Asks: 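Below you'll find the structure I mean.
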Amino acid sequence: MITKNLNPSQLEAVLHNNGPLIVFAGAGTGKTKVIVHRIARLLFFDTVPYFILAVTFTNKAAAEIKMRVTNLVPEVKQNVWISTFHSFCTYFLRTEYQKINLNQNFLIYNSYDQKNVIKECLFELNIDENKFKPSTVADKINHAKNNLKTSHVMTIEAKNIGDIFSTTISDIYGLYQKKLSRANALDFGDLVMYTVFMLQEYPMLLEYYQEKYKYVIVDEYQDTNYAQYILIKLISERYKNICVVGDDDQSIYSWRGANISNILNFKNDYPKSKIIKLKQNYRSTPKILSTAYRVIRNNNSRIDKQLWTKNSDDGSVEILKSKNENDEASKIIDFILLNIRHAKYNFSDFAVFYRTNAQSRSFEDAFKRSKVPYIIIGAQKFYDHAEIRDIIAYLKFIHNPKDDIIFKKIVNTPKRGIGKMSIKMLEKIAIDKDISLLEAIPFINNLNKKDVVTSLNFFSQFIKTLLELKDSVCIKEITEKIVAYLGYLKEFKTENTFESQRKIENIKELISAIVDFEKYSSSKLLADYLTHVALMNDTDFIDESNGKVTLMTLHLAKGLEFNSVFICGLEEGLFPIKESILNPEALEEERRLMYVGMTRAKKYLYLCWSAERTIYGKTKRNIPSRFIIESELKNEDSSQYEVGTLVLHPTFGKGKITERIGTGDDLKLIILFENKQEKKILVKIARLKLL
DNA sequence: TAGCCCGGCGTTTTT
DNA sequence: CGCCGGGCTA
């Protein structure tokens, strides 16, 4: 039955009928289970499937909910709308595009495209890239859109403030929007912002969607930004059957617009709302939970909820001190090997978390050297590889050959002698005749640079061929033509390095991903494939972590769990990171990040810090992170009893540690004493001294 | 036009 | 320490 195997709070959330509901779901308390069962319960009590809208942040989460709902209620899977915010908005805009000046086939620009557009804006507006870094400008524009601020509004605001920075940003924003609309493209921020604007502007439309989605469910509500918050508010305004699930203690994305007050103020937004807190944890030991609680309780902006568990209190929580980052890495590897040898653990039971990607290097070196299998998550994503990006850019251009931004990106890729000057000339022609850059190519003939003209004509011919094939041939075949044209496979084969080998594999993977798309997607249109790439680009590490130690940043760890977790670099200035230390709000977010990391552990949790660390070539001495202090662990510092260390035992005398077994209070050492006798010693009772 | 060298810079990342 | 981007040179 749908209500089977639920604890009382979970059951209450699942059975709650109409009206606003907020579920504070602590780490490991069965959040997804509640969402899935709630959807199933609505369906079971005769709610029409297409009345339900469930939104999440990642495709992974959406896919999991969908899968589990399908398992519970197989017959209705297609009709409940479960997707990310961005997928939902894309669907909305492609359906309702006529109301605003939008072309249904709009392309979604990713952050690379976005930066290219911004660079062009800077160039045209004669703004120094060093004073206005494209990434900063992108942040500002995204931030504005997350807060539903158009360039127009921003311009007015900037005039009121009157400083150069704001006016410049608003100028760039204005030109940027013009360029996007000329290219028939929307960025991620536009998707949500335009959806909200349309719903606000057209009451009939709003009413239609309010009637369509009588039940709204939002996952990870603590991560919503203002635009998303308004979107949800609008749609659920009529029936107020809004159910939000989240954990304020796990809000770690304020720097990309998430607003923790959305979850903290829910009860003010919806005065009659039901509040349920899920506090029974099914993941960790009491030790881990109480340690994590001692840390998180230092935050002020939170709603108090102390997790508890019926799990047995085995395992341990320990502090691990190292000399430097290499020592840190090798100590951790020693621990892992020791545990693998003495317990029935697999490498994939272990995870190493760090605050910054730069820290992964020393681990990578050490893991390679020790031959312990490992995987670094998030280092480079599939669609970030240059060769893949190039191919996708060609596909985007085939989709819209009028897109001058993409044109400039691919016209000289691979290098074929078309430089800045030639492009400038093309641009002049294009502006004169009010045509696209591609259309301008035939007019460049009267030039004396023969090579450039030949190259351009060859390029243009190739694009024409593809455009003619576009409607008769599948995406896979077009892609293969592009790959052949780029000459990548040959080039990489001749290079024949480890890296080029990988590139060939990437291209093959892309082709097979396209084959998959054409096989399983309801649409076979290039436009829909490009949407798919823009929105669902997580060719995830799905089962690649099997049999390997997982290394990743703390941000990426949210939602996952491991038997043993090492949180590394717990030093003031690194974690919490130096930029956050003087800002109380940022510091609280660092603490939440720490909390997220700690609550990933099922049995063993190691808090690691290093007295010395070399970052960017500079070596600095460190003091332990305040989070270690706040954890109030007795620093029994068992890590001082390393293999190879010399110790003095009150009865057996001098000896050398040859092996470590167990951890915490159970730590036993095998010691080879001077009389050649080997003994197993329980550290807790033996009064060992270091030599 | 392309390739090389030098200087600046460095938190986290999904859609 | 290593990457990226700008400017200079062949």
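Residue numbers begin at 1 in each chain, while the letters A, B, ... track the order of the sequences. All of these numbers come straight from a predicted model, not from anything done at the bench.
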Asks: Please state how far atom CZ in A/F188 lies from atom C1' in B/dT15, giving the value in whole angstrom units.
Replies: 4 Å
Asks: Within the pair A/T553 and B/dT13, is there a side-chain N or O less than 4.0 Å away from OP1 or OP2?
Replies: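 Indeed, a polar side-chain atom of A/T553 lies that close.
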Asks: Distance check: side-chain N/O of A/K133 vs OP1/OP2 of B/dG10, anything under 4.0 Å?
Replies: yes
Asks: Distance check: side-chain N/O of A/N59 vs OP1/OP2 of B/dT14, anything under 4.0 Å?
Replies: no
Asks: Please say whether the positively charged group of A/R94, taken as NZ for Lys or CZ for Arg, lies over the ring of A/F106, i.e. under 6.0 angstrom from the six-membered ring centre and within 45 degrees of the axis.
Replies: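 Yes, a cation-pi geometry.
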Asks: So, is A/N357 close to the B/dT13 phosphate, meaning a side-chain N or O under 4.0 Å from OP1 or OP2?
Replies: yes
Asks: Can a cation-pi geometry be assigned to A/R389 and A/Y112, taking NZ or CZ under 6.0 Å from the six-membered ring centre and within 45° of the ring axis?
Replies: yes
Asks: So, using side chain to side chain donor-acceptor pair (under 3.5 Å) as the criterion, who are the partners of A/E364 when residues are at least two apart?
Replies: A/Y374
Asks: Quick check on the 6.0 Å ring-centre criterion: do A/F92 and A/Y209 meet it?
Replies: yes
Asks: Counting primed atoms plus P, OP1 and OP2 as sugar-phosphate and everything else as base, spell out the protein contacts along nucleotides 5-10 of chain C at 4.0 Å heavy-atom distance: B, S or - for each nucleotide, 5' to 3'.
Replies: SS----
Asks: OP1 or OP2 of B/dT11 sitting under 4.0 Å from any side-chain N/O of A/S580?
Replies: no
Asks: Can you tell me which residue pairs pass the salt bridge (charged side-chain N to carboxylate O under 4.0 Å, His left out) test with a partner in residues 569-581 of chain A, sequence neighbours excluded?
Replies: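 Output for this query lists A/E571-A/R613, A/E572-A/R626.
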